[in-house]
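Below you'll find the structure I mean.
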Amino acid sequence: MAPYAGPTRTEEDFLAHVQAVIATDLKAVRWHVVCDNLNIHQSESLVRWVAQLSGIQEDLGVKGECGILASMASRAAFLTDPTHAVVFHYTPKHSSWLNQIEIWLSILVRKLLKRGSFTSVEDLQARVLAFIDYYNQTMAKPFKWTYQGKAFMA
């Protein structure tokens, strides 16, 4: 699947992205998605879609009032249920250093954005997508996890 770049980062954008990823393999029984705790990653529309995809027909409640949709915590609990067709795993708050995508984003910044000059938003978007394609063809390899589980010294 091609990466997505757009002018907004909304609940609808994230849902469309997840749906496009899932559509790449309709034979898969279960998907696991790792993301941070951004509000759009625990949205009402995402909960409704996961419920539909998982064959859940119970009343989900009303956002901000009752049921599964009552709060971010209740929506997150629903989305992390391992029995659903799509299971979300959220990185701990304030732990971007754990997030492997942060490493990749730092590569993007150093190699393209830091000294880049772009004539328009469209030019920036095209160059980022071209970099992703180049990176995937020439440099992509798994990041080696080196942390040994030892306590950090303050």
Side-chain angles (χ1 to χ4, degrees), residues 1-110 112-113 121 124-125 128-129 131-137 139-154:
M1 173 169 169
Y4 170 79
T8 60
R9 186 173 64 169
T10 65
E11 172 179 333
E12 294 79 17
D13 296 331
F14 183 67
L15 177 59
H17 174 69
V18 173
Q19 288 172 329
V21 169
I22 302 308
T24 63
D25 186 359
L26 298 176
K27 294 179 185 174
V29 180
R30 183 160 290 112
W31 287 82
H32 292 268
V33 178
V34 178
C35 54
D36 62 14
N37 289 283
L38 189 64
N39 292 358
I40 64 171
H41 299 158
Q42 299 170 1
S43 68
E44 175 182 7
S45 59
L46 190 62
V47 168
R48 291 191 184 282
W49 178 72
V50 169
Q52 178 187 9
L53 195 65
S54 301
I56 298 169
Q57 297 181 7
E58 71 181 83
D59 180 19
L60 300 173
V62 177
K63 184 177 178 182
E65 294 182 20
C66 63
I68 293 167
L69 297 175
S71 68
M72 291 278 291
S74 59
R75 293 192 299 271
F78 176 84
L79 291 168
T80 59
D81 185 321
T83 65
H84 294 160
V86 181
V87 182
F88 287 82
H89 303 274
Y90 298 102
T91 58
K93 290 183 181 187
H94 309 295
S95 64
S96 63
W97 60 272
L98 285 174
N99 195 339
Q100 295 296 297
I101 192 64
E102 297 288 340
I103 296 170
W104 189 89
L105 289 172
S106 72
I107 293 168
L108 173 68
V109 168
R110 286 191 317 265
L112 178 70
L113 302 177
V121 172
L124 171 62
Q125 182 174 334
V128 167
L129 293 174
F131 177 81
I132 292 169
D133 186 49
Y134 170 79
Y135 183 91
N136 285 339
Q137 291 179 17
M139 296 184 279
K141 62 182 181 182
F143 294 111
K144 185 176 181 182
W145 188 258
T146 58
Y147 179 64
Q148 300 295 316
K150 298 174 185 170
F152 289 114
M153 300 298 288

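Everything numeric here is computed off the predicted structure, so don't read it as measured data. For reference, positions follow the sequence shown, starting with 1.
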Q) Which heavy atom in G67 sits nearest to a heavy atom in S74, and how many Å separate them? A) O-OG, 3.8 Å
Q: Could you tell me the separation between the OG1 atom of T24 and the CD atom of Q19, rounded to the nearest 0.5 Å?
A: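 Atom-to-atom, T24:OG1 and Q19:CD are 12.5 Å apart.
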(Q) Taking the side chain as everything from C-beta on, heavy atoms only, tell me whether L46 gets closer than 4.5 Å to R75. (A) no
Q: Start with the C-alpha gap between N136 and F131, add the side-chain angles, then the distance that decides, and say whether side-chain contact (heavy atoms from CB on, under 4.5 Å) holds.
A: CA-CA 8 Å; N136 285 339; F131 177 81; over 6 Å; no
Q.
When you compare the side chain of L113 with that of L124, does any pair of heavy atoms fall below 4.5 Å?
A. yes
Q: Could you tell me whether the side chain of S54 and the main chain of H84 form a donor-acceptor pair under 3.5 Å?
A: no
Q: Could you go through the side-chain contact (heavy atoms from CB on, under 4.5 Å) check for R9 and L38 one step at a time?
A: CA-CA 10 Å; R9 186 173 64 169; L38 189 64; 4.0 Å; yes
Q) About how many Å separate CG of L53 and CZ of R48, when rounded to the nearest 0.5 Å? A) 15.5 Å
Q) Between atom CD1 of I68 and atom NZ of K63, what is the distance when rounded to the nearest 0.5 Å? A) 15.0 Å
Q) V62 versus L69: any side-chain heavy-atom pair under 4.5 Å? A)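 They are not in side-chain contact.
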Q.
Rounded to the nearest 0.5 Å, what separates atom OG in S43 from atom CD in E12?
A.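 Atom-to-atom, S43:OG and E12:CD are 8.0 Å apart.
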Q.
Let me confirm one number: the CD1-CG distance from I40 to L15, rounded to the nearest 0.5 Å.
A.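 Separation between the atoms: 10.0 Å.
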Q.
I'd like to know whether M139 forms a side-chain contact (heavy atoms from CB on, under 4.5 Å) with Y134, so could you lay out the CA-CA distance, the side-chain angles of the two residues, the decisive distance to 0.1 Å, and finally the verdict.
A. CA-CA 8 Å; M139 296 184 279; Y134 170 79; 3.6 Å; yes
Q) Below 4.5 Å, heavy atoms only, C-beta onward: do H89 and T80 meet side chain to side chain? A) no
(Q) Has E11 got a side-chain atom pairing as donor or acceptor with S45's backbone, closer than 3.5 angstrom? (A)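 Checking the backbone N and O of S45 against the side chain of E11, a donor-acceptor pair under 3.5 Å is found.
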Q) Quick one: are V21 and W31 in side-chain contact, heavy atoms under 4.5 Å? A)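 In short, these two side chains touch, coming nearer than 4.5 Å.
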Q: Decide yes or no for L112 and Y135: does some side-chain heavy atom of the first lie under 4.5 Å from some side-chain heavy atom of the second?
A: no
Q: Report yes or no: does H41 contribute a side-chain atom to a donor-acceptor pair with the main-chain N or O of D36 at less than 3.5 Å?
A: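 Yes: the side chain of H41 pairs with the backbone of D36.
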(Q) Angle between ring planes, Y90 versus F88, binned at 30° and 60°: parallel, tilted or perpendicular? (A)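 Parallel: the ring planes of Y90 and F88 meet at under 30°.
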Q: Indicate yes or no: at least one non-hydrogen side-chain atom of W49 is less than 4.5 angstrom from one of V86.
A: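 Yes; the side chains approach each other to less than 4.5 Å.
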Q. Nearest heavy-atom pair of G61 and D59: which atoms, and what distance?
A.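 Looking at all heavy atoms of both residues, the closest pair is N-OD1, 3.1 Å.
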Q: Enter the distance from L60:CG to Q52:CD here, rounded to the nearest 0.5 Å.
A: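 Atom-to-atom, L60:CG and Q52:CD are 10.5 Å apart.
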Q. Going through the checks in order, is the side-chain contact (heavy atoms from CB on, under 4.5 Å) test met by V33 and V87?
A. CA-CA 6 Å; V33 178; V87 182; over 6 Å; no
Q: Give a yes or no answer on whether the side chain of R30 reaches the backbone of P82 with a donor-acceptor pair at less than 3.5 Å.
A: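 Between the backbone of P82 and the side chain of R30 there is a qualifying donor-acceptor contact (under 3.5 Å).
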